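FYI, the numbering just counts along the sequence from 1. When reading the values below, keep in mind they use all heavy atoms of this one structure, side chains included, and skip hydrogens, waters and symmetry mates. Bear in mind that the values here come from a model prediction, so they are computed numbers and not experimental data.
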Amino acid sequence: MPKVSEEHLEARRRQITLAAARLVAQRGIHSTSMRDVIAGSGLSAGAVYHYFPSKSDLLESIGGLTLATYRNSVSTLVAEGGDLGPAELMAAIAGLVIQPIDDGTDLSGVGLAMWAEALHDPRVAAGMLRIIRGLRAQLEEIATGWVAAGHLPAGTSPAAVAAVLYAVIPGFLLQHHVTGDVSPAVLGEGIAGLLGWVENP
């Protein structure tokens, strides 16, 4: 029997993970069964269970996909965006996280579902913890640059700034999906207004 390449294995894992992510975005986690994922992936039950023996394994993979997508987006934004201030940065990040990935899957709704599931599933919680820490580390690096450049007062904690900036993302996504009246531009405008009030109370 010919040896299956690592690229093939990874492609199959991604195929199944994307199928599951699309279903979770449409139906939610608890309304998506392994049978649904098997049908959506176009693969056999044996193939799906070979890569993901349980639904928790699959949810962990969805969390990993979300982490990689968001971290890559933020890294690209920082590399290409130059010296963005907090309002511009968060508006740009908000715009990125609601953009579907290359196959059209909307991971922003998946992210909300995963955050909620993390309250009850320890494995999902562990995966979401990696996402939170990874994104906060990127934001902390940006905040460190702001302090060094004098954009934030000396002695400001970059870790605290990163925690606040990260907290904006779930709130934005919740409003984006539930109320539908908060755009990335509105988010940026609001942050700019608050910063103006802090500077000139």
Let me check something: do [X] and [Y] share a hydrophobic cluster, defined by ILVMFWY side-chain heavy atoms less than 4.5 Å apart, either directly or through other members?
X: V161; Y: L195; result: yes
X: L129; Y: L173; result: no
X: L174; Y: V164; result: no

Flag, side chain of [X] to backbone of [Y], donor-acceptor distance under 3.5 Å:
X: E141; Y: A137; result: no
X: E60; Y: R123; result: no
X: T156; Y: P153; result: yes
X: D36; Y: T32; result: no

**Message:** Please evaluate residues L187 and I191 with respect to the criterion side-chain contact (heavy atoms from CB on, under 4.5 Å), reporting the C-alpha separation (whole Å), side-chain torsions for both, the decisive distance (0.1 Å), and the verdict.
**Reply:** CA-CA 6 Å; L187 182 73; I191 293 174; 4.2 Å; yes

Evaluate the side-chain proximity of [Y] to [X]: yes if any heavy-atom separation is below 4.5 Å, no if none is.
X: V24; Y: M114; result: no
X: T17; Y: Y51; result: no
X: P184; Y: F172; result: yes

Approximate separation, where rounding is to 0.5 Å, of [X] [atom1] and [Y] [atom2]:
X: I169; Y: L112; atom1: CD1; atom2: CG; answer: 11.5 Å
X: R27; Y: S33; atom1: CZ; atom2: OG; answer: 7.5 Å
X: R130; Y: L135; atom1: CZ; atom2: CG; answer: 13.0 Å
X: S41; Y: R14; atom1: OG; atom2: CZ; answer: 14.5 Å
X: I16; Y: I62; atom1: CD1; atom2: CD1; answer: 11.5 Å
X: F52; Y: M34; atom1: CZ; atom2: CE; answer: 8.5 Å

For [X] against [Y], the heavy-atom pair lying closest together:
X: A21; Y: T105; answer: CB-CG2, 4.0 Å
X: D181; Y: T179; answer: OD1-OG1, 2.5 Å
X: G63; Y: I131; answer: O-CD1, 3.2 Å
X: E117; Y: I29; answer: CB-CD1, 3.5 Å
X: A163; Y: R136; answer: CA-CD, 4.0 Å

Review item, side-chain donor-acceptor pairs of residues 87-101, under 3.5 Å, at least two apart:
{"residue": "E88", "atom": "OE1", "partner": "G85", "partner atom": "N", "Å": "3.2"}

**Item:** Test log, rule side-chain contact (heavy atoms from CB on, under 4.5 Å), inputs K55 and V37
**Value:** CA-CA 10 Å; K55 189 172 178 179; V37 174; over 6 Å; no

**Message:** I'd like to check the side chain to side chain donor-acceptor pair (under 3.5 Å) partners of R12; sequence neighbours left out, ordered by chain and number.
**Reply:**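 Once residues adjacent in sequence are excluded, the partners of R12 under the side chain to side chain donor-acceptor pair (under 3.5 Å) criterion are Q15.
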
**Request:** Starting from the C-alpha separation in whole Å, work towards a yes-or-no answer on side-chain contact (heavy atoms from CB on, under 4.5 Å) for M128 and T66.
**Result:** CA-CA 9 Å; M128 296 308 291; T66 305; over 6 Å; no

